[in-house]
Structure formats: C-alpha cells, structure tokens
Amino acid sequence: MAEPQEESLFEAPPLAEQERMAEAILFASAEPVSLMEFAKRMPHGSSPSEAVELLRRRYEGRGVQVVKVGQSFAIRTAPDLGFLMQRETVEVRKLSRAAIETLAIVAYHQPVTRAEIEEIRGVAVSRGTVDQLLELEWIRLGRRRQTPGRPVTFIVTEQFLDHFGLENARDLPGLKELRAAGLLENRPAPGKEDDDAGPVVDENQDELFNDESDT
Amino acid sequence: MAEPQEESLFEAPPLAEQERMAEAILFASAEPVSLMEFAKRMPHGSSPSEAVELLRRRYEGRGVQVVKVGQSFAIRTAPDLGFLMQRETVEVRKLSRAAIETLAIVAYHQPVTRAEIEEIRGVAVSRGTVDQLLELEWIRLGRRRQTPGRPVTFIVTEQFLDHFGLENARDLPGLKELRAAGLLENRPAPGKEDDDAGPVVDENQDELFNDESDT
Amino acid sequence: MEQSQLDTAQSVADRVASEELIVDVDGYEGPLDVLLTLSRTQKVDLRQVSILQLAEQYLGFVEAARELRIELAADYLVMAAWLAFLKSRLLLPAEPGEEGPSGEELAAHLAFQLERLQAMRDVAARLMARDRLGRERFARGITEDVTHRKVVTYTATLLDLMQGYARIRTKDEFRPYVMDREAILTLEQALDGLRKIIGTQVDWADLVSFLPLGWATDPKKRRSATAATFAATLELAKEGKLELRQEDSFAKLEIRKRSRDG
C-alpha cells in the first residue's frame, strides 16, 4: 500500500531518524501497529512504510524480526529461537494403578479387546486410561477380533518393549516367576477378608500360571 | 562479575548466535533480565555477558537501547523519542512531597533506618509514605542495622534504578558532590555523641554503593 | 533614604512571607521545613545563614501563629523552645566550666541539618526530572512470557507392570473368568459327561476314552480333562455308579458301569 505522502510545510525528519522512531513505537506498543497508527504518531511528512521497511530489513536474521500481522506490524521472536521462551519442566509421574493394570493385561493377553480387559480387571476401563496408554504409544490397535461386532483389539508396541527393556512380550514373567519373586501379594478378594491370610498357593493358580508360561 | 564459564561437553553456539539469543530474550521481557537468567535460558557454555555487550553496542544510537540496570539488562526506548509514546504513558500516581523526599533520602543514604530518615527530614515519616514506596517496589528492606534495637534499614531496588534510568546507585545525580560536601555523613547532634548514632560513615553504605560499582 | 526604604520593603516582604507561612502551616513538613523556608528570606547561601536571625524569625512565626490561634503541632513548639535556648547560648558568653556543647556548635549542626535537607530536596528534584520509565523511556509493549511448559511424562517399571498383573491375578483366584477356563475341564463338566455315557458302558474301557469330544488331542486340554474325568470316576465310584481297576502301577485305568448284581 502506498503511503499517502502529504505535502507539508514542516520538514520531515531524515529517514534514518524515522526508522528510529518506528523502532521505538513498535517496541513499546502493546499491540501490532498499523501504518496509519505510525503516521499519526510520527512527525508530519514522515513515511512510515519506508521507515518500517528499513527496520524490517535491519532485523533480518536477528534474534527478533519485524513481521506483518494482518495490516499491522509487530516485533516478534525469530521462529528458530522460540525455544528460549519456553522453560520446559519435565515432570515424571507414576502411571496410575488403572493404567498399569490395563497395560499389564494388554501385555499378557494381547491381542485383547476392551471387553476382555474389563472382564479381567472386573471393572470398567475408562476411556482416559486407554487413551493415555495409546498416547504414550505403549499400546496400539491390533487387528479386529473376528467375532460379532468385530471389536478392536489392543496390543503392546515397540516403545512398550523398549521402555520395559523387553525383547518381546513373551519375555514377561509368568505367575510362578512372579510369585517366586515375591510379587504375588496375598490380597484377599473383597468380601473374603476373613479368609486365611497365608501366601496364596492355589492349585488352580498354578495351573493357570503354567498355561500362561507355556504359551 | 566474571561470567562463570563452566566446562562443558557441549559446544556453545557461536557468539553471534548467542547475541541473537540474548536479543530475543531481552525483547521478550519488560523486566530487566539478569545475567543468571540469561545463563539459565541460553545453551550451556554460552557467555551471556559477552553476548549482551555485543548487543548493547549494536543498539547504540538506535530507537531502542540496551541498558544496564543493577545486575540486569533491559531494552528501553531512547529517551529522546518519548514524545512519540504518549499513548503508552502509564498514569503514575503522583508522589507526595514526603514520599519524594523519603525516596531520595533512601537512595542517597542507603541503607537507612526510619529514625535516620526522620532525623534528616526533621519530621515523623508516616507509615503511608513508606508503604507507598514499598508498594511501588522502589525501596525494600535491607539488612538490619547492628545497633541496639536492630532497626530495619531501607534500600532502593532494581525497579528504582530501572525507573530512573540508573545503571547503579553510584550513578545517582549529585552523589559525589553530596559526599564531598559531607552531606551524606550521619553527623550526630552536638551533645548527643554518646547516643547510638552509629558510625559516622556507615560501613554498609560504602559496601552497598561499591558493590554496585564493582560489577 | 534608599537603604531604609529597601529595609522596609524587605521587612514587609518578610512579614508577607511569614504570614503566608502561617496561613499555609498545614502545608509544611515539620519545623525543619519551616526553618528552611525562613532561611530563604535571608537570601544568602545556606552555609552563611544567620542561625540567630533564623531563630528569631522562627520564634516570630510561632508567636504569630499563637496570635492567630493556630494550633501548632508539638514538634513545632519543641523546636521553638530549642531555638530560644540556642539564641540565649549564642547571645550570652559561655560561662567558664559550663557543660554541654557551645552555642556555635549547636548552630553549626542546625545549619548542617538545613543544608542536608536542602540537598536532599535538590537531588530529589533532579531524580524526579530524569528520563523516567513510562514517561520518557518505555519498556517492551508486547512481552512474551517464558512459558513454563510442564511436560508430564508417565513412567512405570517392569516391576510396576508385574505387580499390577499379579494384583489382578491374585484377585482372580476368587473370581474365575472364562478365558482362562478354555483349557480346563471342571469336575462338574466331567461328571455330567461321564454320567451320560457310563450307563451304556458294560465292558472295561480305558478312562482316556471317556474324555469329552475335543479334549483328547490338545495336551493342555487333555491333561485337565484327564484329571477332571479321573476325579469324576472316583466320585461316581463312591456313589456306586461304576467300578474301576488298574492292573499295575502306571497301567491304564479302566472303568465300567457297575453291574446290578455287583
């Protein structure tokens, strides 16, 4: 857009001075500045468009740049330096119990449908839990199960194996090994608190475990 | 203060690039940025003081300037262009005469106790006056005076320096002349020498002003 | 004479000044401020100010305030008393052996205080006249905050995973689920199956031949089915529905329907 060059009785300041002015205005303004706004604020007879163009070129390759925002101009951080404006604090959080259990079920039973996960856990699996695991890229969608409704299945990913230092999901220890490692807590099921509190050694479980380890 | 140059396994970016980074950081902030803050945000092994110095020189004579404020740096518009910025002028609450005098006394006599301010002005300092200056963040509490009662002292802040365009407290206008004329001495009234008038020249004060100038 | 006219003019000016003082007394910042203002009427450098004259001016000011029934704050009166004392010290020669500082010392200190206050006012004015932020100098209008982007990464260890799984499976011993029963024949199932066919079995036959259809080939299923069927035969034997025999240890188990006459 051509700058309206009004005839003026007053001498406009030299262009270099106009550039300084444009620089100060751009710097201090709380909003992008339009050429009209520059014209209003700079001395009569100034040529804001020329001044801003000089400024724009001066800032080329610098840490900040003069950029056009709609019909206005603003000084902005050079795109490649955006990282300086962010201080990343990485917070490492433990995965929730629900997520861990869901992940474990996928790992041990893959490919597994949501319904199956719920059946195994005995509680509904929230969408958030599955989404979180998907986002972490620890599980992904497997093939659809060829049963009525063709439900999606979940399987663990390479990233999962990486994170847990496994070569493949089969390397996951079976129940017997878990118990040998003391990982099978004796936790009475709800409503059975009165039952014997001894370590859980259950024939069925042994069988179960063997089944698992054989597969 | 020498920039702590940590040995690093990482190659620091070239100085020109560091200058760009310092530029982006300075432009992004309305508040002065300390060298420590630069160091925290710039890549490991960078030399913020060198980068800022390069930048300061680059902006000499431009519409905005790199200024030193205490231990920090800031970009401010050149004072001669203030007239362009009428719009941005923030309505500053008018300071009372008492507040202005109290501020000057804190600046030139720091660290100074309330009793000393009252002695200089010959009148009680109202709580509101001190509160107003504290609220403006132009003064803050310094170390307690090691005299009976351990009174609190007041000193000026970096915001004060920034507001009045001072690099450090040593640059206060007329400071040298006042000192030469003995007008900054804490001269006890005759017959009151026995009182806890404190040392004639406060060690702390020298320290305070010199600290600024050494850096 | 010119000089006397000047003096008169001066005294008129002084009076006017002191009356202004009185009218404005609220606008003054304490007795030192009044003294400083009064000292200006002497039109000399503060270092040469006549403290005696100043004391008299101040006492006149207090007197005038009293006549006008203006209430002065206590510190104004304290200053008046002190100045009256100073005046007497300055006018009367010090008596030998007199204690305390001399009138000159006291006067010098007051002059110092006035000069110091004036100096503070001067530098305050210079300070306020500087190019100030938000008035002549401006900070960045569009700032970019350093965003503290909190990146939350979740972590879990293999141990967490295994404990989680163990937790579920420990729970499961009380709540069997179908999936894991795929390869398991329950005692009830074996009993049901056996009851249906044993009635027709009159000759000895190998136990293994009684395994349900589809349970004999898969080793996992076979093992479970064998165990369940064996348990079922014991149960039926107890009920007197069948009999079983084994020729030798580890020989095959044979069963048949128990004969009515048996």
Side-chain angles (χ1 to χ4, degrees), chain B residues 24-31 37 41 64-65 67 74-83 85 88-92 95 97-98 100-105 107-109 119-124 159 162-166 172-175 177-178 181-185 187-192, chain C residues 27-36 46-47 73-76 78-79 82 86 89 99-147:
Chain B
I25 291 171
L26 269 188
F27 262 90
S29 174
E31 308 292 322
E37 176 75 15
R41 289 167 64 182
V64 296
Q65 304 178 338
V67 295
I75 299 183
R76 300 287 179 246
T77 59
D80 66 305
L81 299 177
F83 71 96
M85 247 62 74
E88 322 299 339
T89 310
V90 196
E91 210 37 64
V92 183
L95 284 183
R97 219 174 108 186
I100 292 172
E101 279 179 29
T102 302
L103 178 64
I105 291 167
Y108 286 81
H109 290 263
E119 147 83 9
I120 293 170
R121 295 195 61 231
V123 71
Q159 284 93 326
D162 192 19
H163 184 89
F164 292 98
L166 297 163
L172 283 164
L175 182 74
E177 295 90 314
L178 288 184
L183 289 170
L184 298 182
E185 290 167 20
R187 197 181 289 177
K192 290 205 168 184
Chain C
Y28 283 84
E29 301 263 338
L32 216 50
D33 186 24
V34 172
L35 280 170
L36 201 53
L46 261 180
R47 286 175 185 245
D75 44 354
Y76 286 85
V78 170
M79 178 59 88
W82 187 80
L86 176 61
R89 273 280 166 112
E99 294 273 312
S102 71
E104 280 73 23
E105 282 172 326
L106 292 172
H109 187 70
L110 181 59
F112 167 74
Q113 282 180 291
L114 291 175
E115 198 189 348
R116 183 172 61 181
L117 181 57
Q118 186 57 53
M120 281 302 113
R121 290 193 173 163
D122 293 344
V123 291
R126 285 172 75 180
L127 200 58
M128 301 315 274
R130 286 183 69 85
D131 292 332
R132 286 161 62 181
L133 195 65
R135 220 178 53 177
E136 287 86 15
R137 299 157 50 251
F138 293 85
R140 182 78 167 115
I142 306 175
T143 57
E144 267 179 82
D145 287 335
V146 179
T147 51

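Lettering of chains follows the sequences in order, A, B, ..., and the numbering in each one begins at 1.
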### Task
Please say whether more than 12 non-hydrogen atoms of neighbouring residues, nucleotides or ligands are located less than 6.0 Å from CD in B:Glu31.
no
Between [options], the one whose heavy-atom pairs under 4.5 Å with chain B are most numerous:
options: C:Ala73, C:Pro101, C:Pro31; value: C:Pro101
options: C:Gly141, C:Ala139, C:Gly30; value: C:Ala139
options: C:Glu105, C:Met79, C:Gln113, C:Arg121; value: C:Arg121
options: C:Leu110, C:Leu106, C:Leu127; value: C:Leu127

Top contributor to chain C interface from [options] [non-hydrogen pairs under 4.5 Å]:
options: B:Ala24, B:Ala104, B:Ala124; answer: B:Ala104
options: B:Leu26, B:Thr77, B:Leu103; answer: B:Thr77
options: B:Leu178, B:Ile75, B:Ile105, B:Asp162; answer: B:Asp162
options: B:Ala30, B:Gly174, B:Pro79; answer: B:Pro79

### Task
Report yes or no: does C:Arg130 contribute a side-chain atom to a donor-acceptor pair with the main-chain N or O of B:His163 at less than 3.5 Å?
no
### Task
Could you tell me whether a side-chain N or O of B:Arg76 sits under 3.5 Å from a main-chain N or O of C:Phe138, the two making a donor and an acceptor?
no
What's the shortest heavy-atom distance between [X] and [Y], and which atoms?
X: C:Glu29; Y: B:Ala98; result: OE1-CB, 3.6 Å
X: B:Ile100; Y: C:Ala124; result: CG2-CB, 3.6 Å
X: B:Leu183; Y: C:Ala119; result: CD1-CB, 3.7 Å
X: B:Ser29; Y: C:Thr143; result: C-CG2, 4.0 Å
X: B:Phe164; Y: C:Arg137; result: C-NH1, 4.3 Å
X: B:Ile120; Y: C:Leu117; result: O-CD1, 3.7 Å

## Note on the structure
d(B:Thr102 OG1, C:Met120 CE) to nearest 0.5 Å is 11.5 Å
### Task
May I ask you to test the B:Leu95-C:Met128 pair for a side-chain heavy-atom distance under 4.5 Å?
yes
### Message
A side-chain contact here means heavy atoms from C-beta on lying under 4.5 Å apart; do C:Leu32 and B:Val123 qualify?
### Response
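Answer no - side chains too far apart.
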### Message
Does this structure show an ion pair linking B:Arg97 with C:Asp33, if we count only N-O contacts that are shorter than 4.0 Å?
### Response
yes
#### Entry: Side chain / backbone / both / neither for B:Glu119 at chain C, heavy atoms under 4.5 Å
both
### Message
With a 4.5 angstrom heavy-atom cut-off, is it the side chain or the backbone of B:Phe83 that approaches chain C, or both, or neither?
### Response
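No part of it gets close to chain C.
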